[in-house]
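Taking it in order: structure first as structure tokens, then the write-up.
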Amino acid sequence: MNTIVDRFEKIKLKISSLKPIKPVNIIAVSKTFTLDYINPLISHGHLHFGENKVQEAIAKWSGPKKENQNLKLHMVGKLQSNKAKDAVKLFDYIHSVDNQKLADALSKHQLNLNKKLNYFIQVNLGNEIQKSGIPVGELEAFYNYCVNEKNLKIIGLMIIPPLEDNAEKYFKTLAELNKSMALAHTSMGMSADYLEAVKHGSTFVRIGSSIFGSRSKP
Ligand SMILES: *Cc1c(COP(=O)(O)O)cnc(C)c1O
């Protein structure tokens with residue numbers, strides 16, 4: 001079997017061996033990898049893919065998305081509001097909603113383009129080093145703003161734990177926050193820690209290098 005498909009299947013098995021209560025969606029994060037690497041996974045029937053740069057994603061995915069309407073594309077990286085229009089055109093999910101200006105732009109463009117995406121609010125769990133994410137203290141107000149005033153379909157919370165820290169405590173806190181807000185989904189877990197994330201109820205894991213191999217650039 002193709003190595004990439006093989007690695008993907010092994011990850012699926014590891015996740016299902018944890019017997020998660022809610023179905024877990026694996027987002028194959030294909031940033032920096034060309035379609036040569038991705039196509040075997042598409043042929044295998046996988047539908048969820050992630051990218052972190054809008055321009056790269058447009059160049060790579062415009063073709064495959066036209067051919068296969070079932071493909072779901074996830075923007076997992078930092079999104080500048082001046083790229084919101086292109087992002088709304090291409091993506092199905094955006095995981096990194098973390099400021100009002102961006103929420104305003106996304107709302108405007110999805111209305112103009114007559115599209116309705118699924119969104120996650122990226123949360124910053126009180127870590128000074130993290131530049132992205134809504135602080136917990138502002139989360140409820142920001143959520144209400146996105147949903148009630150901007151008509152964004154927020155399906156859950158997203159976290160990127162700081163590299164140097166133990167991820168599990170962040171997953172636990174995010175899961176609790178998610179529950180207190182009665183949100184259905186969490187976007188947490190990457191190659192190094194997806195099993196811990198699934199143990200804490202993650203429904204969208206974002207896995208790159210464990211599927212595609214190591215990247216030369218971030
Ligand atoms: C690159 C990236 C991932 C995947 O990282 P791996 O460690 O390669 O699995 C997940 N989430 C975000 C936001 C990323 O930028």
Side-chain angles (χ1 to χ4, degrees), residues 3-15 18 24-35 37-38 40-41 46-61 72-80 83-84 87 90-99 102 106 117-125 127 129-134 154-168 170-171 174-175 178 185-218:
T3 358
I4 288 168
V5 172
D6 197 26
R7 289 191 199 123
F8 171 78
E9 280 300 323
K10 283 195 179 124
I11 289 167
K12 237 167 82 175
L13 269 180
K14 282 191 197 167
I15 290 174
L18 294 177
V24 178
N25 298 285
I26 300 173
I27 302 168
V29 179
S30 51
K31 63 188 186 196
T32 79
F33 288 94
T34 58
L35 285 175
Y37 290 81
I38 299 164
L41 215 43
H46 189 61
L47 297 174
H48 290 270
F49 292 87
E51 292 286 342
N52 73 336
K53 293 200 170 79
V54 176
Q55 292 321 117
E56 179 187 345
I58 291 170
K60 203 188 288 183
W61 285 100
K72 300 290 179 214
L73 212 53
H74 298 254
M75 175 58 182
V76 299
K78 176 94 185 151
L79 181 59
Q80 305 296 337
K83 303 240 173 78
L90 183 73
F91 288 97
D92 301 286
Y93 294 76
I94 290 173
H95 290 240
S96 45
V97 182
D98 72 347
N99 66 81
L102 178 60
L106 292 168
L117 279 67
N118 295 300
Y119 298 96
F120 288 90
I121 294 175
Q122 185 173 348
V123 182
N124 182 343
L125 291 176
N127 191 293
I129 307 157
Q130 282 181 295
K131 293 163 230 88
S132 300
I134 289 280
I154 305 288
I155 62 168
L157 304 178
M158 180 270 211
I159 179 99
I160 306 174
L163 275 178
E164 68 283 0
D165 213 337
N166 166 16
E168 197 154 358
Y170 293 91
F171 297 156
L174 197 76
N178 225 69
H185 293 284
T186 42
S187 167
M188 55 188 195
M190 301 169 40
S191 288
D193 51 27
Y194 67 92
L195 291 172
E196 282 80 11
V198 169
K199 280 182 204 155
H200 289 282
S202 179
T203 58
F204 284 87
V205 291
R206 312 178 305 264
I207 303 182
S209 47
S210 287
I211 296 174
F212 293 106
S214 57
R215 291 178 297 271
S216 40
K217 31 178 188 151

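Ligands are counted one by one from 1 in listed order, and the atoms in each one are counted from 1 as well. Nothing here was measured: the structure is a model prediction, and the numbers come from that model.
Residue-ligand proximity, R206 to ligand 1, at heavy-atom distances under 4.0 Å covers atoms 4 (C), 9 (O), 10 (C), 11 (N), 12 (C), 13 (C). Each of the atoms 13 (C) of ligand 1 lies under 4.0 Å from some heavy atom of I160. Near I207, with a cut-off below 4.0 Å to any heavy atom, the atoms of ligand 1 are 9 (O).
Within the structure, the closest approach of H95 to ligand 1 does not fall below 4.0 Å when heavy atoms are considered.
To the nearest 0.5 Å, atoms OH (Y119) and CG (L102) are separated by 8.5 Å.
Distances from atom 15 (O) of ligand 1 to the heavy atoms of K31, M190, H74, M188 show the closest one on K31.
Checked by distance only, ligand 1 and S210 stay at 3.5 Å or farther apart across all their nitrogen or oxygen atoms.
Under the side chain to side chain donor-acceptor pair (under 3.5 Å) criterion, S30 pairs with E51, not counting sequence neighbours. With sequence neighbours excluded, the residues satisfying side-chain contact (heavy atoms from CB on, under 4.5 Å) with A197 are F171, M188, S202.
Between I26 and I211, the closest side-chain pair of non-hydrogen atoms falls below 4.5 Å.
Aromatic ring centroids of F212 and Y37 lie 6.0 Å or more apart.
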